[in-house]
Amino acid sequence: MGEGINKGIAVLALLMTGACSGANENPTDNSDKEDGKLAEPTIRWRMASTFPSSLTILGTMGKRVETLSRDISGGSIEIKFYEPGALTPPFEIFDAVSYGAIEAGWSTSGYWAGREPALQLFSAIPFGPSAAEYLAWYDHAGGRALFEKIYHRNNIHGLICGISPPEAAGWYKKPIEKVSDFKGLKIRFFGLGGKVLEKLGASVQLLSGGDIFPALELGTIDGTEFSVPAVDLKMGFYQAAKHYYFPGWHQQSTFYELMINLDIWRELSPLHKAQIEAVCSTNIRYGLSEGEALQVEAMAELEEKGVIFHTWSPEILEALRQAWTEVAQELSDEDPDFAHGLQSLNEFRDAHKQWQSRGYLKD
């Protein structure tokens with residue numbers, strides 16, 4: 001109860017700050033005209049981020065929203081990127097956007113499992129789809145309708161606004177040679193993948209990016225996953241753990257999101273809505289191509305630093321897959337939206353195999 005009160009006070013303080021500073025003002029000076037038409041009003045938003053702008057892909061995609069929105073709109077959309085904690089704690093962005101304390105947020109929806117379990121389906125899924133398949137389901141097979149339904153009832157309009165390729169499966173101080181090695185392991189792990197490891201006996205924590213390395217270095221945790229090799233290299237995890245595992249069974253692709261207060265979104269002109277959606281479309285393309293391009297060089301550098309690459313054994317992968325089946329069933333039993341979303345995705349993937357198995361070359 002005390003935690004809820006404190007969050008409410010924090011959000012109220014943000015609202016008062018915004019009101020006093022005028023940060024929420026949307027100038028509507030339409031005195032300039034082009035070809036007899038009223039000019040678009042300038043909108044100015046604050047966007048809190050879960051990830052720092054210096055962090056490759058995860059943060060840089062968010063920073064690109066700031067520059068792209070200005071460039072695509074000709075300056076009539078100003079979305080200012082704020083570093084984690086500058087406006088609100090990283091894990092409280094959902095509430096801040098929902099209540100209108102800030103206009104927008106940059107994150108990934110798996111962080112909001114405590115609010116809406118089904119939002120985890122729009123972040124990353126164990127043994128889930130590739131980026132292309134994930135986007136196909138979201139855009140054309142029912143994913144977006146559920147995503148918007150969940151966010152709208154929380155007074156948020158969500159847009160998928162970035163994507164990254166498969167992650168690595170984590171850094172470990174000691175090799176993981178058998179399934180029983182997960183038992184008692186203290187590890188930082190994200191989202192649904194963390195629930196899978198709990199099934200195998202691991203003690204899972206969810207730490208924000210800046211807290212992971214100190215915990216790994218000090219031995220508070222025995223291992224961690226975070227992102228793709230280019231990002232993990234920048235985070236410096238190789239200095240505290242040398243065993244690096246592939247493939248990233250828990251995140252074969254990852255969605256990132258732009259969250260916008262729903263009341264504010266509804267007030268936008270059709271042109272501004274289209275421009276913001278265009279920002280996210282080009283950001284998705286850029287994030288995916290950059291993500292694929294950076295990994296080879298990053299892995300070579302990690303190898304030079306003494307990192308040992310491992311591939312999961314078939315036995316361990318099968319145990320992880322079975323544990324995911326249990327987790328998926330339990331979450332489906334608990335939450336109708338999760339059940340609906342997972343069924344929708346699985347049905348799409350089953351049908352998509354007809355095309356995938358025939359249309360693509362096998363290695």
Side-chain angles (χ1 to χ4, degrees), residues 23-28 39-84 86-87 93-94 96-98 100 102-109 111 119 122-123 131-132 134-136 138-140 143-145 147-148 151-152 155-165 253-294:
N24 286 321
E25 290 180 2
N26 294 332
T28 57
E40 287 292 315
T42 299
I43 64 170
R44 296 183 176 92
W45 293 350
R46 298 158 299 166
M47 180 178 72
S49 177
T50 302
F51 309 105
S53 61
S54 60
L55 191 58
T56 305
I57 302 174
L58 286 72
T60 56
M61 282 195 297
K63 188 66 176 176
R64 287 185 86 245
V65 170
E66 181 180 80
T67 55
L68 283 169
S69 60
R70 182 185 63 240
D71 294 346
I72 288 177
S73 70
S76 68
I77 300 176
E78 298 178 9
I79 302 177
K80 184 172 175 55
F81 179 102
Y82 284 87
E83 301 293 341
L87 291 177
I93 293 175
F94 182 100
V97 174
S98 176
I102 54 177
E103 295 80 23
W106 173 261
S107 191
T108 184
S109 59
Y111 284 128
L119 286 178
F122 300 95
S123 187
Y134 210 0
L135 284 168
Y138 177 82
D139 284 334
H140 302 288
R144 182 168 183 164
F147 184 70
E148 291 185 350
Y151 265 131
H152 283 191
N155 201 39
I156 295 172
H157 183 72
L159 291 169
I160 297 301
C161 204
I163 196 167
S164 63
S253 57
T254 308
F255 280 158
Y256 297 88
E257 64 185 3
L258 173 62
M259 306 160 65
I260 303 165
N261 177 270
L262 183 58
D263 295 329
I264 292 173
W265 172 261
R266 286 174 170 162
E267 291 174 356
L268 292 180
S269 69
L271 177 59
H272 274 162
K273 288 179 179 178
Q275 288 169 334
I276 292 171
E277 289 178 348
V279 165
C280 287
S281 292
T282 191
N283 212 36
I284 287 169
R285 183 203 61 77
Y286 188 91
L288 183 57
S289 62
E290 182 187 39
E292 290 290 347
L294 294 179

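Residue indices begin at 1 and follow the sequence shown.
- The CE atom of M61 sits 12.0 Å away from the CG atom of L68 when rounded to the nearest 0.5 Å.
- Applying the side chain to side chain donor-acceptor pair (under 3.5 Å) rule to S53 yields the partners E83; only residues at least two apart in sequence or on another chain are considered.
- Between W45 and E78, the closest side-chain pair of non-hydrogen atoms is not below 4.5 Å.
- For the atom pair CD1 (I93) and OG (S107), the distance works out to 5.5 Å, reported to the nearest 0.5 Å.
- Considering only heavy atoms from C-beta on, M259 stays 4.5 Å or farther from W106 through its side chain.
- You'll find the side chain of L119 reaches within 4.5 Å of the side chain of F94, heavy atoms only.
- Smallest separation of non-hydrogen atoms from A104 and V97: C-CG2, 3.7 Å.
- Every ring pair (Phe, Tyr, Trp, His ring centres under 6.0 Å) that Y138 has, sequence neighbours left out, goes to F147, F255.
- Using a 4.5 Å heavy-atom cutoff, the side chains of K80 and M47 are not in contact.
- Inter-residue side-chain proximity for I276 and L258 is flagged as met; some heavy-atom pair is nearer than 4.5 Å.
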Worksheet item: Could you walk me through whether S164 and L58 pass the side-chain contact (heavy atoms from CB on, under 4.5 Å) check?
Response: CA-CA 8 Å; S164 63; L58 286 72; 5.8 Å; no
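- With hydrogens and angles disregarded, no donor-acceptor distance shorter than 3.5 Å links the side chain of T282 to the backbone of V279.
- Every side-chain contact (heavy atoms from CB on, under 4.5 Å) that T108 has, sequence neighbours left out, goes to F51, Y111, S123, F190, T254, Y256.
- Residues satisfying the side-chain contact (heavy atoms from CB on, under 4.5 Å) criterion with L294, sequence neighbours excluded, are T56, A230, E290.
- Atom CD1 of I260 sits about 12.5 Å away from atom CZ of R266, to the nearest 0.5 Å.
- By the side chain to side chain donor-acceptor pair (under 3.5 Å) test, N155 is found to be paired with D263, residues two or more places apart in sequence or in another chain being considered.
- Every side-chain contact (heavy atoms from CB on, under 4.5 Å) that I284 has, sequence neighbours left out, goes to L135, I160, I163.
- Taking all atoms of both residues into account, the shortest heavy-atom contact from L288 to A131 is CD1-CB, 3.8 Å.
- Each salt bridge (charged side-chain N to carboxylate O under 4.0 Å, His left out) pair with one or both residues in residues 48-63, not counting sequence neighbours, appears once here: K63-E66.
- Q275 pairs by the side-chain contact (heavy atoms from CB on, under 4.5 Å) definition with I72, S73, S76, I77, L271, H272, not counting sequence neighbours.
- In this structure N283 satisfies the side chain to side chain donor-acceptor pair (under 3.5 Å) test together with R64, sequence neighbours excluded.
- Within the structure, the salt bridge (charged side-chain N to carboxylate O under 4.0 Å, His left out) test picks out the following pairs touching residues 273-282 (sequence neighbours left out): R144-E277.
- In this structure S269 satisfies the side chain to side chain donor-acceptor pair (under 3.5 Å) test together with E40, sequence neighbours excluded.
- Rounding to the nearest 0.5 angstrom, the gap separating the CZ atom in R46 from the CZ atom in F81 is 15.0 Å.
- The distance from atom CD of E267 to atom CD1 of I43, rounded to the nearest 0.5 Å, is 10.5 Å.
- For the pair Y134 and S253, the tightest heavy-atom approach, listed with the atom from each and the gap, is CD2-OG, 3.1 Å.
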